[in-house]
Amino acid sequence: MSDRIYIFDTTLRDGEQSPRATLDAEAKLEIAHQLARLGVDVIEAGFPAASPGDLEAVKSIAEHVGTANGPTITGLARTTRGDIDKCWQAVKPAVRPRIHTFIATSDVHLKYKLQMSRSQVLNRTGEMVTYARGYCADVEFSAEDASRTDPVFLHEVLAAAIEAGATTLNIPDTVGYAQPAELAEMVQRVIENVSGMDRCILSVHCHDDLGLAVANTMAGLQAGARQVECTINGIGERAGNAALEEIVMALHTRGEWYGLHSELDTTQLTRISHLVAARTGISVPPNKAIIGANAFSHEAGIHQDGVLKHSATYEIMRPETVGLTQSRLVLGKHSGRHALRKRLEEIGYVELTDDQTDRAFARFKQLADKKKTVTEADLEALIADEFQQPEALFVLHGVHVSCGSPSIPTASVSITLPNGECETRASTGSGPVDAIFSAVNQIVRVEAELLEYVVHAVSGGVDALGEVTVRIRGCGENARTLSGHGADTDILVASAKAYVAAINKLSRAPTPVCSVSGSDLNVETVAVSS
Ligand code: KIV
Ligand code: ZN
């Protein structure tokens, strides 16, 4: 049996099922590019049958990220022809497409959810895996709620899937019920009893309801599974999925003990963690293993003394191994355009045009004037902020805020409109951010509901760059949820940028999504023609 572990990332599918974590297509693509840089073997990019938007997002990832050197791209499909058709439509542009189809196998799911008998589930599995194989040579089958399924029936279903041509078999602990030794036993029994298993990869997919997702995953690997399904920061349905960074670092740090390895570039872990936290708005607790803010901090005097004498006294991993380079000065205020371009290439922005490099350089200079040390994380936030809206309809021109105690928070905002005119409006609000958003609303005349507002510091110190994510919902028939991001050393300016970015996305929707009031701006026309 090989000692290589395949990493199947489902941040964009199961992770996106986290309460509040809706990602728009643009954010999904951005995360997918970064997952490819990390070197994951498979990206589960979404659930194409869930909505036309999800199908398009998966397709775009298949086209742009599923390249010759890129990962396998898959989408989830129930065992129905309709779902499998849509999944294939979405993943087929990838160089290595995979269809991932699933059906529940536990009695409780069969009786109450599916209202199907065991023999119906068995037949459906064979038929639909065969159907998927008609499209694609790489088919994964998952027996949902495997850990609560009668083992004899589970083995029958898995054997039927193999017989029909499945190449990867996944046994999820869907409700996070299993204990490590139990999960290992389930894996062993499948390997011993399911005929044809030697031709397939066995995969585990663990949820964290009892806080055991990573422990269960590692037990599954020890018992012979060779693919793990996991998410960045452990986000996912309910209590989440097994955290990718913890599994990968367990394999990296204790690889000899396990006799196993993955081929990921661990130095990308911090960056992808920040990106997922920023785009989903789900922040990482400071004590989170590997990527929490305190994961490499030593507080107790005895520990500090030990680490200063030799890092191995209290550190089992070096911070650099997970890409924690925030304290490192990336560029200074005297660095030139060439140095910036080189540094941007090093952190993955290889395709910037001259014009984009010029814009990035101008932003960098502004930042370097305000902030003594410009770190890699700052640079990331700045670039993501600069390029998220290449053709913005509304361009933020200026923000002025007056607030404090006692006073009524008041904001004045200037925005350049699609017709080139600059409009300024002032508004009060319950707080400075509310006042800014209300002034923006008066100018853009787009009705939108603010669903979420999240701010976090990109790096430490009083001059830290603040990164704001807002999530808004448009109104009317075509109501969609969209997010916007903004980064600035002033978090109120970052808030205005994030809100205007989200409004721009809403206004650029292919079909009219907003009711328009006011006389001089026809957003419906702009939206349809863009
Ligand atoms: O948790 C689960 O069972 C799943 C499957 C659909 C793979 O996410
Ligand atoms: Zn799941």
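Numbers here are sequence positions counted from 1. Counting starts at 1 for both ligands and their atoms, in listed order. Every heavy atom of this structure was used, including side-chain atoms; hydrogens, water molecules and symmetry mates were not.
Heavy atoms of other residues, nucleotides or ligands lying less than 6.0 angstrom from OH of Y314 number more than 12.
Each of E452, E467, E26 was checked for a salt bridge (charged side-chain N to carboxylate O under 4.0 Å, His left out) with R279, and the lone residue meeting it is E467.
Between F8 and E140 the shortest side-chain heavy-atom distance falls below 4.5 Å.
For R37 and D265, the salt-bridge test fails: no basic side-chain N is under 4.0 Å from an acidic carboxylate O. For the pair K28 and D54, the salt-bridge criterion is met [side-chain N within less than 4.0 Å of a carboxylate O]. Between D150 and R118 there is a salt bridge, since a side-chain N of the basic residue sits under 4.0 Å from a carboxylate O of the acidic one.
Annotation: protein N, O or S atoms under 2.8 Å of the Zn ion (ligand 2) (waters excluded) comprise D14 OD2, H205 NE2, H207 NE2.
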Quick one: table the atom pairs, ligand 1 N or O against protein N or O, below 3.5 Å, distance rounded to 0.1 Å.
{"unit_1": "ligand 1", "atom_1": "1 (O)", "unit_2": "H205", "atom_2": "NE2", "d": "3.1"}
{"unit_1": "ligand 1", "atom_1": "1 (O)", "unit_2": "H207", "atom_2": "NE2", "d": "3.0"}
{"unit_1": "ligand 1", "atom_1": "3 (O)", "unit_2": "T174", "atom_2": "OG1", "d": "2.6"}
{"unit_1": "ligand 1", "atom_1": "8 (O)", "unit_2": "R13", "atom_2": "NH1", "d": "3.4"}
{"unit_1": "ligand 1", "atom_1": "8 (O)", "unit_2": "R13", "atom_2": "NH2", "d": "2.9"}
{"unit_1": "ligand 1", "atom_1": "8 (O)", "unit_2": "D14", "atom_2": "OD2", "d": "3.0"}
{"unit_1": "ligand 1", "atom_1": "8 (O)", "unit_2": "H205", "atom_2": "NE2", "d": "3.1"}

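Remark: N294 engages no residue in a side-chain hydrogen bond (donor to acceptor under 3.5 Å, both in side chains) (not counting sequence neighbours).
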Name each donor-acceptor pair under 3.5 Å that joins a side chain in residues 85-95 to protein atoms two or more places apart or in another chain, with its distance.
{"unit_1": "D85", "atom_1": "OD1", "unit_2": "Y131", "atom_2": "OH", "d": "2.5"}
{"unit_1": "D85", "atom_1": "OD1", "unit_2": "Y135", "atom_2": "OH", "d": "2.6"}

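Residues D14 and H207 have side chains that bring a donor and an acceptor to within less than 3.5 angstrom of each other.
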